[in-house]
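Just so it is clear, the values below take in all heavy atoms, side chains as well, and ignore hydrogens, waters and symmetry mates.
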Amino acid sequence: LADVRASAEDWSAMRKRMRAELDEHRHIENLIGDSPSFRRVLHAIDSVRDSNATILLTGESGTGKEMVDRAIHKHGSRADKPFVAVNCAAIPEGLLESEMFGHRKGAFTGAVADRVGRFMQADKGTLFLDEVGDMPLALQAKILRALQERVIEPVGDPRERKVDVRVIAATNKNLL
């Protein structure tokens with residue numbers, strides 16, 4: 001019993017030392033680092049986390065864009081609201097509009113029931129559009145309208161619906 005107690009005390013002391021060491025470096029969740037460029041990322045997260053502005057994250061694949069997006073959501077004013085992530089490159093072009101805005105039953109072949117789109121699922125929260133650079137330009141224009149007007153139109157439904165969603169988009173492409 002004494003060995004177990006000593007081991008628990010050693011473990012506790014080690015955890016405290018590790019926590020103190022981590023606290024010396026700036027970090028958010030799984031984002032840990034201390035370089036000047038990393039501190040700029042943390043500062044950017046902190047400066048936009050409570051903003052309703054649309055955010056575009058750019059960078060090469062594997063650089064942590066989705067981790068940054070989740071940190072913005074989790075530490076912002078919308079943290080207790082939905083977080084909806086969409087990989088725009090993984091959804092076939094013909095289904096993307098329905099996926100984003102939803103559809104009414106009978107709007108197209110195979111639409112056997114009404115479907116809520118990702119914008120409505122994320123209402124009051126954050127919608128993360130990953131690989132937005134792979135989205136067709138025509139759909140980008142519809143998303144732009146949703147961002148500017150804060151309204152969407154489900155496929156096959158002429159009624160507009162108001163949405164309150166913060167959009168964070170990410171791409172590894174040069175959008176210019």
Side-chain angles (χ1 to χ4, degrees), residues 28-31 41-176:
I28 294 179
E29 305 291 312
N30 295 327
L31 302 174
V41 169
L42 292 180
H43 177 72
I45 290 170
D46 191 49
S47 66
V48 301
R49 67 187 177 148
D50 292 324
S51 171
N52 290 322
T54 300
I55 299 165
L56 177 64
L57 304 173
T58 60
E60 295 177 17
S61 293
T63 56
K65 295 180 295 292
E66 187 164 357
M67 292 175 71
V68 169
D69 171 59
R70 289 182 185 275
I72 292 168
H73 175 75
K74 185 166 185 175
H75 295 281
S77 58
R78 295 176 183 251
D80 60 340
K81 305 297 185 215
F83 175 87
V84 177
V86 180
N87 182 341
C88 298
I91 301 170
E93 186 175 329
L95 298 177
L96 205 47
E97 182 176 4
S98 172
E99 189 70 24
M100 291 295 160
F101 303 119
H103 63 258
R104 299 281 295 163
K105 178 181 177 179
F108 52 86
T109 303
V112 295
D114 289 354
R115 184 177 191 291
V116 174
R118 299 299 181 100
F119 270 87
M120 289 302 292
Q121 290 173 8
D123 195 34
K124 307 283 188 271
T126 301
L127 177 62
F128 176 52
L129 301 178
D130 196 14
E131 301 307 341
V132 72
D134 293 327
M135 186 182 293
L137 289 176
L139 187 57
Q140 287 183 31
K142 291 179 181 182
I143 292 205
L144 177 60
R145 181 171 184 269
L147 296 176
Q148 290 175 332
E149 307 299 324
R150 303 287 183 192
V151 296
I152 60 162
E153 280 185 30
V155 177
D157 188 349
R159 293 179 300 153
E160 292 181 339
R161 300 216 168 74
K162 290 187 175 283
V163 289
D164 173 17
V165 62
R166 170 183 46 202
V167 174
I168 302 177
T171 186
N172 61 6
K173 298 199 178 336
N174 179 348
L175 295 183
L176 292 178

Distance in Å, His73 NE2 paired with Asp80 CG, rounded so as to fall on 0.5 Å steps: 8.0 Å
Are any side-chain N or O atoms of Ser98 and backbone N or O atoms of Leu95, one a donor and one an acceptor, separated by less than 3.5 Å? no
Just jot down the side chain to side chain donor-acceptor pair (under 3.5 Å) partners of Glu131, sequence neighbours excluded, or say none. none
Heavy atoms from other residues, nucleotides or ligands near CD of Glu93 exceed 12 (cutoff 6.0 Å): no
Report yes if some heavy atom in the side chain of Met120 is under 4.5 Å from a heavy atom in the side chain of Val163; otherwise report no. yes
Do the side chain of Gln140 and the main chain of Met135 share a donor and acceptor less than 3.5 angstrom apart? yes
Under the side-chain contact (heavy atoms from CB on, under 4.5 Å) rule, what do Val167 and Phe119 come out as? Steps first, then yes or no, please. CA-CA 9 Å; Val167 174; Phe119 270 87; 4.1 Å; yes
Mind checking the CG-CD spacing from Asn87 to Glu99? Nearest 0.5 Å is all I need. 11.0 Å
So do Arg166 and Lys81 actually touch side chain to side chain, heavy atoms under 4.5 Å? no
If you take all heavy atoms of Thr126 and Val165, which pair is closest and at what distance? C-CG2, 4.3 Å
Between atom CD1 of Ile45 and atom NZ of Lys74, what is the distance when rounded to the nearest 0.5 Å? 13.0 Å
To check you understand the geometry: which heavy-atom pair defines the closest contact between Thr58 and Lys65, and what is its length? C-CD, 3.8 Å
Quick check: does any side chain N or O of Asp130 sit under 3.5 Å from a backbone N or O of Val86, one acting as donor and the other as acceptor? no
Would you indicate whether the side-chain heavy atoms of Leu175 and Leu56 approach each other to under 4.5 Å? yes
Nearest non-hydrogen partners of Val151 and Arg145, listed with the distance: CG2-NH1, 3.7 Å
Taking every non-hydrogen atom, the tightest pair across Arg118 and Ala85: NH1-O, 3.0 Å
Could you tell me whether a side-chain N or O of His103 sits under 3.5 Å from a main-chain N or O of Ala113, the two making a donor and an acceptor? yes
Straight-line distance of Asn172 CG to Leu57 CG, nearest 0.5 Å: 12.5 Å
Considering residues at least two apart in sequence or located in another chain, which fulfil the ring pair (Phe, Tyr, Trp, His ring centres under 6.0 Å) criterion with Phe128? none
Decide yes or no for Asp157 and Phe101: does some side-chain heavy atom of the first lie under 4.5 Å from some side-chain heavy atom of the second? no
With rounding to the nearest 0.5 Å, note down the distance linking CD1 in Ile55 to CG in Leu129. 12.0 Å
Just wondering, do Arg161 and Pro154 contact through their side chains at under 4.5 Å, heavy atoms? yes
Report yes if some heavy atom in the side chain of Leu147 is under 4.5 Å from a heavy atom in the side chain of Ile143; otherwise report no. yes
Short side-chain to backbone donor-acceptor contact, Arg78 and Lys124, under 3.5 Å: yes
Glu97 CD to Glu153 CD distance, which is reported to the nearest 0.5 Å: 9.5 Å
For Ala53 and Ser51 the tightest heavy-atom approach is N-OG, 2.9 Å
Looking only at heavy atoms, the pair that brings Ala169 and Val132 closest together is CB-CG1, 3.8 Å
Do any N or O atoms from the side chain of Asp134 and from the backbone of Cys88 form a donor-acceptor pair under 3.5 angstrom? no
